[in-house]
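Report on one structure; see the data block that follows.
The chain is numbered in sequence order, starting from 1.
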Amino acid sequence: MSSWKRTEVRRGREYLVQPVSAASAQKEYVCPGCGGTVLPGTAHVVVWRSDGVLGDAADLASRRHWHNHCWSIA
């Protein structure tokens with residue numbers, strides 16, 4: 001990933017948030033916030049739970065790519 005990850009809390013749950021620069025965004029993803037497409041070349045964030053009950057591997061496997069704005073209002 002392209003930048004330093006950070007921890008954020010949303011609705012009482014802890015998440016790891018990893019920014020992805022526009023230059024590093026190579027694939028197309030569906031944003032879970034709006035259902036729209038995160039296009040290649042679009043800076044965005046990858047988010048996954050850091051406190052899930054199924055363990056680190058399951059949390060990492062469930063990571064999702066969000067538009068920056070959608071994550072900021074989630």
For Gln26 and Pro40 the tightest heavy-atom approach is O-CB, 3.8 Å

Do you reckon Trp48 sits in the same ILVMFWY cluster as Val20, going by side-chain contacts under 4.5 Å, direct or chained? yes

Heavy atoms of Trp4 and Pro19 approach each other most closely as O-CD, 3.2 Å

Closest non-hydrogen atoms of Val45 and Val47, given as atom of the first, atom of the second and distance, are CG2-CG2, 3.9 Å

Distance col, row Ser72:OG vs Arg10:CZ, nearest 0.5 angstrom, shows 7.5 Å

Point to revise | Face-on cation placement of Arg64 at Trp71 ring, 6.0 Å and 45° thresholds | key: no

Smallest heavy-atom separation, Gly41 atom then Ala22 atom, equals O-CB, 3.2 Å

Rounded to the nearest 0.5 Å, the OH atom of Tyr29 sits from the OG1 atom of Thr42 at a distance of 12.0 Å

*Taking the six-membered ring for Trp and the full ring for Phe, Tyr or His, determine whether the centres of His67 and His44 are under 6.0 Å apart.*
no

Do the side chain of Ser24 and the main chain of Ser21 share a donor and acceptor less than 3.5 angstrom apart?
no

Rounded to the nearest 0.5 Å, the SG atom of Cys31 sits from the CG atom of Leu39 at a distance of 11.5 Å

Before you tell me yes or no, could you show the steps for Val17 and Thr7 under side-chain contact (heavy atoms from CB on, under 4.5 Å), namely the whole-Å CA-CA distance, both residues' side-chain angles and the distance that decides it to 0.1 Å? CA-CA 6 Å; Val17 179; Thr7 302; over 6 Å; no

Separation between OG (Ser50) and CD (Glu8), nearest 0.5 Å, reads 10.5 Å

By side chain to side chain donor-acceptor pair (under 3.5 Å), Arg13 pairs with (sequence neighbours left out) none

Contacts satisfying salt bridge (Lys or Arg N to Asp or Glu O under 4.0 Å) that involve residues 22-49 (not counting sequence neighbours) are Arg49-Asp51

